[in-house]
Amino acid sequence: MRYWLMKSEPEEFSIDALAKKKKEPWNGVRNYQARNFMRDDMKVGDGVLFYHSNCEVPGVVGLAEIVSDAYPDPTQFDPKSDYYDAGSKREEPRWLLVEVGYKRTLKRTITLAELKEKPELEDFALVRKGNRLSVMPVSKNEWDLIISLE
DNA sequence: GCCAACGTTGGC
DNA sequence: GCCAACGTTGGC
């Protein structure tokens, strides 16, 4: 079993929204590295740290899990969608998604500022300068440490 | 295939 | 709202 961190802007889709909907197709990922993680490495049952980005207090706010294998992201074919990609063909979809299932909301936000202070997390992709991945791997050690901060 | 211009992400 | 970082695009 692997672990992941997935970013979402709370104004777009928050942990509360996921709690309400129970699960959500993670559409709109348009970054090849993130897509490759979803396509090649994510398995049903993998753990997910749900992260709020681009907001007042960025940080890990909940736990989720992968509940589907990767499949083509339908928004890439929808001209009305923000995520439309005219260059992607149905016979050969460029973008994939996985479905993310709600597990629980943390009692408090484990903030980015806190994570940055932990020497053990020095190499964690999230806190490395300039990182813009919206989906990234988390090691077992990193997962355990982050969870323990709750 | 290089690289400048441009767009996006996301913390602050 | 600013801006650093970085991915993508497109002219050459």
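These numbers were taken from a predicted model, which means no experiment stands behind them. Convention: sequence-line order gives letters A, B, ...; per-chain numbering from 1.
- The span of DNA chain B lying next to chain A, judged by atoms under 4.0 Å from heavy atoms, is bounded 5' to 3' by dG7(B) to dC12(B).
- Where Lys129(A) and Asn54(A) each meet DNA chain C at their nearest nucleotide, the meeting point lying more 5' is that of Asn54(A).
- Residues Asn141(A) and Ser139(A) bring no donor and acceptor atom of their side chains to less than 3.5 Å of each other.
- Remark: of the listed residues Leu126(A), Leu106(A), Ile110(A), Leu5(A), Ile110(A) is the sole one forming a side-chain contact (heavy atoms from CB on, under 4.5 Å) with Ile146(A).
- Of the inter-residue distances, the one linking Met6(A) atom CE with Glu24(A) atom CD reads 10.5 Å to the nearest 0.5 angstrom.
- Checking Asn36(A) against Arg39(A) by side-chain atom types alone, a donor-acceptor pair falls below 3.5 Å.
- With sequence neighbours excluded, the residues forming a salt bridge (charged side-chain N to carboxylate O under 4.0 Å, His left out) with Lys23(A) are Glu99(A), listed by chain and number.
- A perpendicular orientation is assigned to the rings of Phe50(A) and Trp26(A), their planes being inclined by more than 60° (bins at 30° and 60°).
- Using modelled atom types, one finds no donor on one side chain facing an acceptor on the other under 3.5 Å when comparing Ser53(A) with Glu9(A).
- Relative ring orientation between Trp95(A) and Tyr32(A) is described as tilted, the plane-to-plane angle lying within the 30° to 60° band.
- For the segment residues 111-124 of chain A, the set of residues with a heavy atom within less than 4.0 Å of an atom of DNA chain B comprises Leu112(A), Lys116(A), in numerical order.
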